[in-house]
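Written below as C-alpha cells is the structure these notes are about.
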Amino acid sequence: MQILDGKKLSETIRSEIAEEVTRLRLATGVTPCLAAVLVGEDPASQIYVNNKEKACQKTGMESRLFRLPAAATTEELLKLIGKLNADVSVHGILVQLPLPEGCDELRILDAIDPKKDVDAFHPENVGLISQGRPRYLPCTPCGIQQMLIRSGIETAGKHVVVVGRSDIVGKPMALMLVQKQSGADATVTVVHSRTKNLTDLTRQADILIVAIGKAKFLTADMVQPGAVVIDVGINRLPDGKICGDVDFDAVKEIVSAISPVPGGVGPLTISMLLRNTLRSAQCAAGETTLR
Ligand code: GUN
C-alpha cells in the first residue's frame, strides 16, 4: 500500500518553481506577484492565506495581502479588484473564500481579470477547461492530477468516482479527468448528497476522489479492495485535530494507495497556485502567451 505523500511531492514541485522564478527574474526583471484578498476574521481562511503567502515568499515570489473588515461591502471589494486588475505588477489575484454573508461572491469573482484569475474560478476559464484548452487549471484538481501522474497512477480507461460536486473541486475535477488527454482519459462518475445507492457507485471506482466536506464520510465498506483513494477534505474534529473526508485508518487496510490528511492534497493545492501565478508572470514578461 502506497501513501501518497503530497508534502514531499509539493517540495519537489516548489523547488522546480523556485528555479524558474529565479531564471525569469534574471532574464526579464519580472518577479511574479500574487495579491491575496482576505475579508473578515474566519480563522481557517487566515491560516490558508498565511500559508499561501509564506509559500510565495519561499519560492522567491512577491505576495501582497489586502485585508478588509467583515463588514466590507461588495462595492468596496469591486473597487479593490479593479485596482489590482489595472496594476501591471500584480500577476495573480486570489479572493479567499468563503466571503462573509452580504458580499456578492459571484459578482466579485466575475470581476477578476480572467488572465489574473489564478484560482480558475472565472466562467471564461471554466469554459476553457470544459473544452479541453485550459488557460489555468484550478489549484486543487490540478494538484490531484499531478499527484496521480507523479505517483505513476494511470487514469486512462479507469473508472474515477468523484464524491462531491463543488465548483472548486468536484465539478472541475470531473471535467479535467474526462478530457481526451494524457493524465486524464478516465470514465468519470460524479456522486453527491442526492445520489441514490451511493455506496454501489463508490464500490465500482478504481480511483475515488472524495471532496464532500464531512469528516470520515468514506468508510471501508464503500471502497473496492485495491482502489486508489484521494482525500480532499479538511475537517476539524471536536478535539481540535484535523481529519479528512475518509476514515483513513480503516480504508488504508484495503486500498492500493491513499492520500493522508494533513500532508496530502493540501500542500499540492498551494503549489499549483504558485505555478499559475508564475505562468501569468511569464506571460506578462512576454515569454509565453496565455490563451
Ligand atoms: N477556499 C477554499 N479553497 C479555496 C481555493 O482554492 N481558493 C480560494 N480563493 N478560496 C478557497
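Note that this is a predicted model, so its numbers are computed, not measured. Order of appearance sets the numbers: ligands from 1, and atoms from 1 within every ligand. FYI, the numbering just counts along the sequence from 1.
- Taking every non-hydrogen atom of L94 and a distance limit under 4.0 Å, the qualifying atoms of ligand 1 come out as 9 (N).
- Look at E20 and R23 and you find a salt bridge, because one of the NZ, NE, NH1 or NH2 atoms lies within 4.0 Å of a carboxylate O, short of that distance.
- Looking at P98 next to ligand 1, no N or O pair under 3.5 Å apart turns up.
- For the 3.5 Å distance criterion, the side chains of T28 and E287 fail to qualify, holding no donor opposite an acceptor.
- Salt-bridge annotation for E105 and R107: absent, with no side-chain N of the basic residue lying under 4.0 Å from a carboxylate O of the acidic one.
- No more than 12 heavy atoms of other residues, nucleotides or ligands sit less than 6.0 Å from atom CD of E101.
- Heavy atoms of other residues, nucleotides or ligands lying less than 6.0 angstrom from CD of Q46 number more than 12.
- Polar contact with ligand 1: absent for T140 (N/O pair, distance under 3.5 Å).
- Residue-level proximity to ligand 1 for D119 is carried by the side chain, the only part with a heavy atom below 4.0 angstrom.
- Numbered from 1 in the order shown, with element, the atoms of ligand 1 that lie under 4.0 Å from a heavy atom of V95 read 8 (C), 9 (N).
- Side-chain atoms of R14 and T59 include no donor-acceptor pair closer than 3.5 Å.
- In this structure, atom 3 (N) of ligand 1 lies nearest to the protein heavy atom I168 CD1, 4.1 Å.
- Using a 4.0 Å cut-off between heavy atoms, F121 contacts ligand 1 through its side chain alone, with no backbone atom that close.
- Given atom 11 (C) of ligand 1, the protein heavy atom at minimum distance is Q96 NE2, 3.4 Å.
- Of the candidates V37, L97, V49, L97 brings a heavy atom nearest to atom 10 (N) of ligand 1.
- The pair R64-D87 counts as a salt bridge, with a side-chain nitrogen and a carboxylate oxygen less than 4.0 angstrom apart.
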